[in-house]
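Data block below; observations after.
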2 protein chains.
Amino acid sequence: MEIRRLRYFKTIADEGQITRAAKKLHIAQPPLSQQLKLLEEELNVTLFERNGRSLILTESGETLYRKTSDILNGIEDTIAEVQAVDSGVKGVLKIGANKSCFAYLLQQITHIRERFPGVQFKIREGDTYTLTKEIYEREIELAIVRLPANDTEFSSVLIPPEPYMFVISDQWEGFCDKDSVYMKDLDGIPLLLLHRLSGKGQFEIVTDEFQRLGFNPNIVVECPDAAMLLSLTAAGTGGTIVPKSTLEAFSQENLRVFHLKDFKVQAEAALLWGKDRFLSKPAREVIANMEELY
Amino acid sequence: MEIRRLRYFKTIADEGQITRAAKKLHIAQPPLSQQLKLLEEELNVTLFERNGRSLILTESGETLYRKTSDILNGIEDTIAEVQAVDSGVKGVLKIGANKSCFAYLLQQITHIRERFPGVQFKIREGDTYTLTKEIYEREIELAIVRLPANDTEFSSVLIPPEPYMFVISDQWEGFCDKDSVYMKDLDGIPLLLLHRLSGKGQFEIVTDEFQRLGFNPNIVVECPDAAMLLSLTAAGTGGTIVPKSTLEAFSQENLRVFHLKDFKVQAEAALLWGKDRFLSKPAREVIANMEELY
DNA sequence: GATTTCGCATATGATTTAAATATGGGAGGT
DNA sequence: ACCTCCCATATTTAAATCATATGCGAAATC
């Protein structure tokens, strides 16, 4: 049973006449008579009682008529929904980010919510390795992660490097009173560092930098979660080194923040997605927005 | 959006491959590729992400896929239901009858319930005039009525005439003790007669018969409802004259029944339906059954 | 009651649409 | 590097749909 036939049938039933229905459908009368006949033959059912010039629905016809509206409306709704999803008006954006990149994620979510208020978000958190794997397995479309990352299978928008900041509790006694420090000032301070679950990451970058300057850092905590790290820091466990934007996302009370004057390495992050992957409208919008911003 | 396309789409999604889907659909691969493309163009949406030889549903595609089953099932169910209604397996038989013809109606309902257990009944009760009007207005398909009736607009199956019976309460004192009586025996007995709301009917037939024999009946009740009539009779109000079958339908306690030896007129009834009207399967079955029986 | 009007049905030719065959190209697998 | 598998395009063939012309019967009008 083709939908055109159903639509024809409904119009005939509505108009109570083939001729009038044909006009409404912008076709000639004979093909409409023919299509009705074909529908009846296909269903092997008499749909209209023809008596002279009057058409009256049979019981089978009534039955079909009652269902027809549901079917046609269902199809129209489906088309509308599919197009809404495609246009990004509706849908789910599955996106991941490192905790330390949460500030960027926050920014993009805000942006998408303005452009496409109907879009839902499924957010994954994890280290760069985990998230790239999840892109590969299509569990997420996009990820905002700290570099380095395997970029042979991913396209990316680079986010401008941002400085690492040193953070320590404002209750910490005997620390310098300016707003920037040198690496040597950290000597002896217990350090809490971000640690990735696998692969080379910031932990290695920071420790390498210490080694370059000839220090041997006193690392007391390695933690993969930036929010936890800052919480521990605020509690006075020690000092930590995090990218600047991380501080914006997880702003915490009782923290003092310092520039690190001779810490040359900067935190690099990027928005990643699968090479040649189909991307939803919201995903494309995030990419476009990132490219414009950075 | 044509259903064929939807079916094709669903098959492709199920099989995850155009080639395999084409085999399942018993068509060649190229037209299937083409139809998928046309569907995408029609919706202006990308349904599958094509990457080399793999087809993966996009979010829009997923959305469409989820709805497609509902739509296709809905259509199949509808077809099945329409055909069921047409074949009489399901449906509503709208039928009317005089109260005095209720025995025939009972018989036919029993018959249809055996043949088509799914059929529902809408029963109208009324006098012949009312019921023929209801046929004309399509409120009922069939009517079993006492004659005479306007037969220019109706087709009919005649039911063999049946004798009128005289009925009186068994509490009635001083009445004859045989099982048949003559009209003259009714002289003086208060009579309760069926009366139609309009047109000429049994009331006139019975009174005419009395006049033919030179009696002047003592009519104390005129009532259009046979069941009420018999109830009044059982209560000892008087005697009544009804067709034999009526007694079978509304069998009542405490009644004595007599043949009327010199009452020549017999009760005539018929099954009526609109000339050239479309009739449902159950209606046609009732007609066939009636024709066979009588 | 004759005539006109209206609406459905059929027939035939034209147009559009779908399917089949043949073929090319790109991604995986060997 | 080769072969295999699968999708896409091009072209031809078949089928379905539509339009035009026309006939027929029932209602409406005079």
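Just so it is clear: chains get the letters A, B, ... in the order the sequence lines come, proteins before strands, and each one is counted from 1. Atoms considered below: every heavy atom in the structure, side chains included; atoms not considered: hydrogens, waters and symmetry mates.
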Legend entry - Nearest-nucleotide pick for Ala28(B), side chain only, options being dA11(C), dT21(C), dT17(D): dT21(C)

Inset, instruction - Give a yes/no on whether any side-chain N or O of Gln35(B) is located under 4.0 angstrom from OP1 or OP2 of dA19(C). - result: yes

Legend entry - Nearest-Å distance for atom pair CG/P, residues Leu32(A) and dA9(C): 10 Å

Inset, instruction - Quickly work out the Phe9(B) CZ to dA18(C) P distance and round it to whole Å. - result: 18 Å

Legend entry - Touch class at under 4.0 angstrom, heavy-atom based, for Phe48(A) against every strand present: nothing

Inset, instruction - May I ask you to decide whether Arg124(B) forms a salt bridge with Glu139(B), counting only side-chain N to carboxylate O separations under 4.0 Å? - result: yes

Inset, instruction - For residues Tyr65(B) and Phe48(B), establish whether the separation of their ring centroids is below 6.0 Å. - result: no

Inset, instruction - Taking only the side-chain heavy atoms of Arg5(B) (C-beta and beyond), determine which of dC8(C), dC7(D), dA18(C) contains the nearest atom. - result: dA18(C)

Inset, instruction - Just call it for Gln29(A): base, sugar-phosphate, or nothing, with non-hydrogen atoms closer than 4.0 Å on any strand. - result: base

Legend entry - Separation of atom CD in Glu2(B) from atom C1' in dT17(C), rounded to whole Å: 11 Å

Legend entry - Lys67(B)/Glu81(A) ion pair, N-O < 4.0 Å: yes

Legend entry - Candidates dT10(C), dC18(D), dA20(C) - which lies nearest the side chain of Ser33(A): dT10(C)

Inset, instruction - Can you figure out which of dA19(C), dC18(D), dA18(C) approaches the side chain of Leu38(B) most closely? - result: dA18(C)

Legend entry - Spacing between Ile27(B) atom CD1 and dC6(D) atom P, to the nearest angstrom: 16 Å

Legend entry - Among dC6(D), dT17(D), dC8(C), the nucleotide that comes nearest once only the side chain of Gln34(A) is considered: dT17(D)

Inset, instruction - Let me know the distance between CZ of Arg4(B) and C1' of dA18(C), rounded to the nearest Å. - result: 7 Å

Inset, instruction - Let me know the distance between CD of Glu41(B) and P of dT17(C), rounded to the nearest Å. - result: 13 Å

Legend entry - Whole angstrom value for the distance that separates P of dA19(C) from CD1 of Ile18(B): 14 Å

Inset, instruction - For the pair Arg115(A) and Glu285(A), find out whether any cationic side-chain nitrogen is under 4.0 Å from an anionic carboxylate oxygen. - result: yes

Legend entry - dC8(C) phosphate, OP1 or OP2, under 4.0 Å from Lys37(A) side-chain N/O: no

Inset, instruction - Compare side-chain N and O positions of Thr19(B) against OP1 and OP2 of dC5(D) and report whether any pair is under 4.0 Å apart. - result: no

Legend entry - Residues Glu42(B), Arg5(B): salt bridge by 4.0 Å N-O rule: yes

Inset, instruction - Would you mind classifying the nucleic acid contact of Arg20(A) as base, sugar-phosphate or nothing, using non-hydrogen atoms under 4.0 angstrom? - result: nothing

Inset, instruction - Would you indicate which nucleotide in dG7(C), dA19(C), dA21(D) comes nearest to any side-chain atom of Pro31(B)? - result: dA19(C)

Legend entry - Options dA19(C), dT10(C), dC8(C), nucleotide nearest the side-chain atoms of Pro30(A): dT10(C)

Legend entry - Atom pair distance, as rounded to whole Å: CD1 in Ile56(B) and C1' in dC6(D): 14 Å

Inset, instruction - Flag the pair Arg284(B) and Glu141(B) as a salt bridge only when some basic side-chain nitrogen lies within less than 4.0 angstrom of an acidic carboxylate oxygen. - result: no

